[in-house]
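Down below is the structure, laid out as structure tokens.
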There are 2 protein chains.
Amino acid sequence: MLALPATSGTSTRQPNRGSPVSHSNESLRIGVIGLGAMGRGSALAMHERGLDVVGCDIVEQARHAFEAEGGRSASLPSELGGCQVVVVLVVNAQQVETVLYGDQGVAKHLAPGSLIIQCATVAPAFARELGERLDAMGLSMLDAPVSGGVAKARSGDLSVMASGDKNAFDKAEPVLGAMAATVYRLGDRPGVGSSMKLVNQLLAGVHIATAAEAMALGIRLGLDPETVYEVITHSAGNSWMFENRVPHILKGDYTPLSAVDIFVKDLNLVHETGRDLAMPTPLSSSALQQFTAAKGAGFGRDDDSAVIKVYQRLGGIELPAAANDPEEV
Amino acid sequence: MLALPATSGTSTRQPNRGSPVSHSNESLRIGVIGLGAMGRGSALAMHERGLDVVGCDIVEQARHAFEAEGGRSASLPSELGGCQVVVVLVVNAQQVETVLYGDQGVAKHLAPGSLIIQCATVAPAFARELGERLDAMGLSMLDAPVSGGVAKARSGDLSVMASGDKNAFDKAEPVLGAMAATVYRLGDRPGVGSSMKLVNQLLAGVHIATAAEAMALGIRLGLDPETVYEVITHSAGNSWMFENRVPHILKGDYTPLSAVDIFVKDLNLVHETGRDLAMPTPLSSSALQQFTAAKGAGFGRDDDSAVIKVYQRLGGIELPAAANDPEEV
């Protein structure tokens, strides 16, 4: 069921790069709901590859940012009835529910056979049930959580962990080709993509909190933080997240690339899913408590590496200061 | 204070490879205490590079294994009085204490100015105090925990996280050059090396337990374990330990490369050190509980990836079976 990155990425993407729009894409109108940093990036990546895209967000500022780069926008999901493919790039299941089934939701306006590409990180059970509900309306769904961050969204280089039937994958192909460098085909029905994303978020969330715990202990032991980073990134204690997030701590720069709030949400999904399946997840729960404490202390909208401030407050360590701390200038 | 891997590795090691033994090394006798898999490997690596090495272990079988590969051995640390450098490659602080200060300990037999290279993973406070005690006897100490595993010990390619004064580093140079590919010079007194090793073990231990938790949840969600491995090792959820240990789970092969017992010990050191410093380490404590449960369930001497069997027992998942399960043959 697995398409390897190189193969899949190349084959899905190639037709959309620098070549004229093909006949089948000419008649395809795509709606992108959610023009936050991720959604705007993906919508612009599609637009630049010649796809007919309408971006949708209730926030005026988000629409203007999209329009400023050449995009066409709508303010309500219900205005996207003419689209054959709707990409949902919102934050959580509640927002997915609202944009599809709320008063101004798009679902009831779509023609039979239209495709929803669901990209939010949601509980696998929610994704599975959503697929059934859309199917009952004659709509198709690809369960397709994304990862890679804002820069890769903008360049069309996301990773997509996708599941759905062949028809859904076929219909999604030009869209995924414009959004993603790698498409994992994980199964033939919604829920599998969200399961894989949840496993990834479990690891990512615990690794960030553990990186913070390790740096905090190292600093408390009197180690030089830069040296800890240098040694650990060459040792068996390394993780993708340690390597990526600890530099934010070293620079004292907590500008959010991905926020504490995201892992409060995603590790709650891990917790709820484990509870529903009667599978204990003690490490995830412990990390969830640390992110929850970080949010409680007022750092919810800071970069997720700010979870180290929980250790700072409790353990009394001194963290590296920002080189250009605005308060000092 | 930090020597980068390439530079340091090359410069410390080069003189010992394929060239005649230099005059200064001719008169240097080295004792290696602890001929377990790591100690035997390092002692043989030194022997093959022309150093005058005596290996020491109270276990007859360990001595025979060393002698079978050409090594010379002694059964008691007190027999190593003629050595100018003694490398201590035992399991924990209690063993370090015994081989140095027990009835048959080596410390009182060494000539003033001799060097102890302490390689066990011990509490930083223990390493610091040990340095002071040895110093009071006129002996020198390098705090030098190692990492890299059995194969790298045998090939002389370990990483060493070392601290001590210049005299200790100078005297240790030919020995470290034979044992290690990378020597991190972390500080000028014992304790800093052990601090760095503890930070690494914190990360390594939590990452192994988290890899087990993630695989367990993935399997419980119905994901294919091989696919989870493939996707995660290309995603932000990856860690050195996930990449290295999950294949053991996929093969159902829990032959110990590094045992559950090691992380029960090392995460206890993290816990005790955090307690002494009043620095909470909740993620490490949670991982410690999982390794403790694995030991309690009888898997202490299995590979550390066997911590997933705790999740198996509680969550009722089916793990991949060994391809050549002896019970099935």
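Per chain, numbering begins at 1; letters A, B, ... match sequence-line order. Just so it is clear, the model here is predicted, and its values are computed rather than measured.
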Identify each donor-acceptor pair in which a side-chain atom of residues 286-294 of chain A lies under 3.5 Å from a protein atom, sequence neighbours left out, and give them as a table.
unit_1: A:Ser286; atom_1: OG; unit_2: B:Pro282; atom_2: O; d: 3.4
unit_1: A:Gln290; atom_1: NE2; unit_2: A:Tyr311; atom_2: OH; d: 3.3
unit_1: A:Thr292; atom_1: OG1; unit_2: A:Leu288; atom_2: O; d: 2.6

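- In this structure the side chain of A:Met279 reaches within 4.5 angstrom of the side chain of B:Ile317, judged on heavy atoms.
- Heavy-atom contacts from other residues, nucleotides or ligands closer than 6.0 Å to NZ of A:Lys152 number 12 or fewer.
- The candidate from B:Asn244, B:Leu314, B:Val228 with the greatest count of non-hydrogen atom pairs under 4.5 Å with chain A is B:Val228.
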Side chain to side chain contact (heavy atoms under 4.5 Å, CB included) evaluation trace for B:Val231 with A:Asn200: CA-CA 9 Å; B:Val231 174; A:Asn200 185 68; over 6 Å; no
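- Within 6.0 Å of NZ on A:Lys265 lie more than 12 heavy atoms contributed by other residues, nucleotides or ligands.
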Residues 270-278 of chain A side chain polar contacts: donor-acceptor under 3.5 Å, at least two apart:
unit_1: A:Thr273; atom_1: OG1; unit_2: A:Leu269; atom_2: O; d: 2.7

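- B:Met161 touches chain A through its side chain: at least one heavy atom from C-beta onward sits under 4.5 Å away, while N, CA, C and O do not.
- The candidate from A:Met215, A:Met241, A:Arg220 with the greatest count of non-hydrogen atom pairs under 4.5 Å with chain B is A:Arg220.
- Remark: of the listed residues B:Thr210, B:Asn238, B:Leu203, B:Val206, B:Thr210 is the sole one forming a side chain to side chain contact (heavy atoms under 4.5 Å, CB included) with A:His207.
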Run the side chain to side chain contact (heavy atoms under 4.5 Å, CB included) check on A:Ile232 and B:Val199 step by step: do they pass? CA-CA 8 Å; A:Ile232 294 298; B:Val199 170; 4.2 Å; yes
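- Taking the side chain as every heavy atom from C-beta outward, B:His234 and A:Thr182 never approach each other to under 4.5 Å.
- Ranked by non-hydrogen atom pairs under 4.5 Å with chain B, the options A:Asp224, A:Ile208, A:Thr281, A:Leu198 are led by A:Thr281.
- Minimum heavy-atom separation, B:Glu213 to A:Leu283: OE1-N, 3.0 Å.
- When each of B:Gly315, B:Pro280, B:Ser195, B:Ala204 is checked for heavy-atom pairs under 4.5 Å with chain A, B:Ser195 comes out on top.
- For chain A, the option among B:Gly218, B:Ser284, B:Pro124, B:Gly222 with the highest count of heavy-atom pairs below 4.5 Å is B:Ser284.
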